[in-house]
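What you see below is based on every heavy atom in this structure, not just the backbone, and it leaves out hydrogens, waters and symmetry mates. Computed from a prediction, not measured in an experiment: that's the story for all the values here.
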Amino acid sequence: MPIVVWLARPIRRRWAVSMIVMSLALVGLIGPVPPCFLGPGPVPCQDGRFCKARKRSLALSASCHDEASPVVHVVDCHGDALQHWEALPGEGYGVLHLDSHADMFLDFEPAPSPPEASTRQELHKTLSSQVHLSNFMPLGILGGKVSNVVWLRSDFPDCRYNGPPPGTYLMEIGAPALDFPSGPALCYWQRGGESFRDYSFMADALDGGYQVIGERDGWPPRERNLWWEKVPYMLDEFGLHLLGEPMGNAYTVPVAGLHRAFNFSVMTDVQWHADETSAAAFLKQQLRPQHWILDVDLDFFATLAPALAPAVRRLGLARSQSNRLGQTAQALAVVVEAIESQDPNCQAFRLPLLDETIHRLLALGTHVQSNDVTACLKEVDARTDVASDHAEYIANVLRGLSDDDREVWMRMAPEELDAAVESPHGPHFAASPEAIKEAMADLERLLGSLVKRHGLPPPSVVTVARSTDLYLPLDIGPLVEAQLLATLDRLGWAAKSAEPAPRWPAGA
């Protein structure tokens, strides 16, 4: 299956639904027209939209680099990792990226066409002032520091990941040659590769995502989570763009001298654990160069969905409560999306009626039936027309709620309810301390195997991102970091960096 778009943050439901219908109609007329890599903006770092990478000296990494014992740099905003990569000598590094998010977004400000930059280096310098937590990876590729990326992602249930699906892809990034005065600063194009298996063209959100329609022999086994982002959307600044397969922009080609090829691979931790020997061999093959970077976001081990993080933190939810909220919110979000796709005029799940809707539904109790749900929604909004299967889906969700679950939903503010059901959310899972310690032992075994059994040298540098803004669960964040640093120390990969680690925010 050719690559599809992958985003850094989930799309918003209420304008995407109508765009899907319009886009599918246009695809039937003119064929797939894949776009540039743009969309809704990312969640900013705590201290502003852009990270601090360009405000610090790049000498920090280079001054204390030691091949035998790579320096470990701890950053809060993940985009700040890029400065430590760019301080390394030479080009063409591989990156092993452990994260619950791809961080491959291309949400740079619109650029003039043709570009003002005449070289890749000039274009990279121009865009570097916009680096942040979800677009630093493509900047590292464009600048030449990175040539291969392996995204080892978590595989949590009840969520929607960034795309693409697990597989290996030959990609190109660059400035597009456009026929209009301004447009996206960068685009991706697919030049080869495919996913490990074939999937349905459309996801069935009510059934947990995409359906596998074709298996290939051998490793790796099927991933647990089969749902990732792949939707068309409107770019008001440039007109209509459609996502299609293969990835790229059918209207244009890269500007000569302003593009660069790279390899991108995706594997989940469930696939890695199924056969660690094969996984280590795959990682070595995909990293390819002798010099590589280990990049770990702590939210690989435990993460919050940004839509749910404010409620989780304000209410002080325990891990089990947070995970149940994530599961229920996802179930409600997908059925609300289905209801509103059939009845765009439905107001029951939108503010200001949403608060009343949720409280009335919760009051139906644990023996609720589909006709009770239908009557309840009619009482809130007489125009609501809910299909029987959707009403039964909601009833089934309500029957599965515990008293504690209901109490959490009753305590949520209207804005928090809106965020929870407005759109299917990204990875959300608060792991236990025991699970985190076990995951660290597994990671130590994998990394040790890469060096001792498969001949890779130690990484040239290690970057660790906390992502405390809306992702890392603060109550367990320091434990995750301490366990990871201890793992790196046992591997001999824990040389001290020149700069101090950032301070943990309140609540950690």
Side-chain angles (χ1 to χ4, degrees), residues 58 60-62 64-75 78-99 102-104 136-153 166-171 173 193 260-269 271-272 276-298 300 440 442-465 484-485 487-495 497:
L58 293 181
L60 290 176
S61 297
C64 47
H65 177 63
D66 178 356
E67 285 190 3
S69 183
V71 178
V72 177
H73 297 278
V74 178
V75 300
H78 207 159
D80 286 337
L82 181 59
Q83 64 173 327
H84 302 297
W85 302 0
E86 293 187 339
L88 296 170
E91 293 189 339
Y93 286 78
V95 175
L96 178 55
H97 177 62
L98 277 70
D99 201 321
D103 296 341
M104 296 288 286
F136 69 96
M137 191 77 74
L139 274 181
I141 297 167
L142 179 68
K145 188 62 64 175
V146 176
S147 61
N148 299 301
V149 177
V150 180
W151 178 26
L152 177 54
R153 72 159 171 83
T168 58
Y169 310 97
L170 176 60
M171 301 295 299
I173 185 173
R260 191 169 187 274
F262 68 99
N263 297 291
F264 187 75
S265 305
V266 185
M267 180 176 67
T268 78
D269 62 353
Q271 293 173 320
W272 147 36
E276 294 184 5
T277 300
S278 296
F282 172 80
L283 292 177
K284 180 193 175 183
Q285 179 187 39
Q286 297 305 314
L287 288 171
R288 298 184 185 181
Q290 286 296 304
H291 301 292
W292 62 288
I293 296 165
L294 176 61
D295 178 59
V296 184
D297 194 317
L298 299 184
F300 172 82
M440 292 298 176
D442 294 340
L443 178 61
E444 182 177 352
R445 189 167 58 250
L446 174 68
L447 296 176
S449 175
L450 283 175
V451 174
K452 295 176 182 177
R453 296 184 57 184
H454 296 275
L456 274 184
S460 298
V461 71
V462 179
T463 48
V464 177
L484 177 61
L485 295 179
T487 295
L488 296 172
D489 186 60
R490 288 191 294 272
L491 290 167
W493 300 356
S497 62

Closest non-hydrogen atom pair between S147 and R260, with its separation: CA-NH1, 3.8 Å
Non-neighbouring partners of Q285 that pass side chain to side chain donor-acceptor pair (under 3.5 Å), sequence neighbours left out: none
Nearest-0.5 Å distance that lies between atom CG in L294 and atom OG1 in T463: 7.0 Å
Listed partners of A279 passing side chain to side chain contact (heavy atoms under 4.5 Å, CB included), at least two apart: W219, M267, W272
Beyond-backbone contact of L484 with F300, side-chain heavy atoms, under 4.5 angstrom: no
Partners passing side chain to side chain donor-acceptor pair (under 3.5 Å) against D269 (at least two apart in sequence or in another chain): none
CG-CE distance between L139 and M137, expressed to the nearest 0.5 angstrom: 11.0 Å
Which residues share a salt bridge (charged side-chain N to carboxylate O under 4.0 Å, His left out) with D489, sequence neighbours left out: none
Closest heavy-atom pair and its distance - H97, A102: NE2-O, 3.5 Å
4.5 Å side-chain heavy-atom contact, F262 and V146: no
L456 side chain reached by L283 side chain, heavy atoms, under 4.5 Å: no
Heavy-atom check, side chain of D80 versus side chain of H73, under 4.5 Å: no
Pairing residues for R490 by the side chain to side chain donor-acceptor pair (under 3.5 Å) criterion, not counting sequence neighbours: E444, T487
Check: L443 and L98 side chains under 4.5 Å, non-hydrogen atoms: yes
From L446 atom CG to L96 atom CG, the distance as rounded to the nearest 0.5 Å: 7.5 Å
Non-hydrogen atoms of D103 and P138 that approach each other most closely: O-CD, 3.5 Å
Non-hydrogen atoms of S69 and A494 that approach each other most closely: OG-N, 3.9 Å
Any donor-acceptor pair under 3.5 Å from K145 side chain to L82 backbone: no
Expected output: side-chain W151 to main-chain D99 donor-acceptor under 3.5 Å: yes
Heavy-atom closest contact (P459 atom, P70 atom, distance): O-CB, 3.0 Å
Euclidean distance, F264 CZ relative to N148 CG, rounded to 0.5 Å: 11.5 Å
Any residue meeting side chain to side chain donor-acceptor pair (under 3.5 Å) with S278, in chain and number order, not counting sequence neighbours: D275
For E276, salt bridge (charged side-chain N to carboxylate O under 4.0 Å, His left out) partners two or more places apart: R445
With F136 via ring pair (Phe, Tyr, Trp, His ring centres under 6.0 Å) - residues at least two apart: H78, W85
Residue pair L450 / K284: nearest heavy atoms and the distance that separates them: CD2-N, 4.0 Å
Contacts of Q286 that satisfy side chain to side chain contact (heavy atoms under 4.5 Å, CB included) - sequence neighbours left out: V150, T168, S265, F282, R288
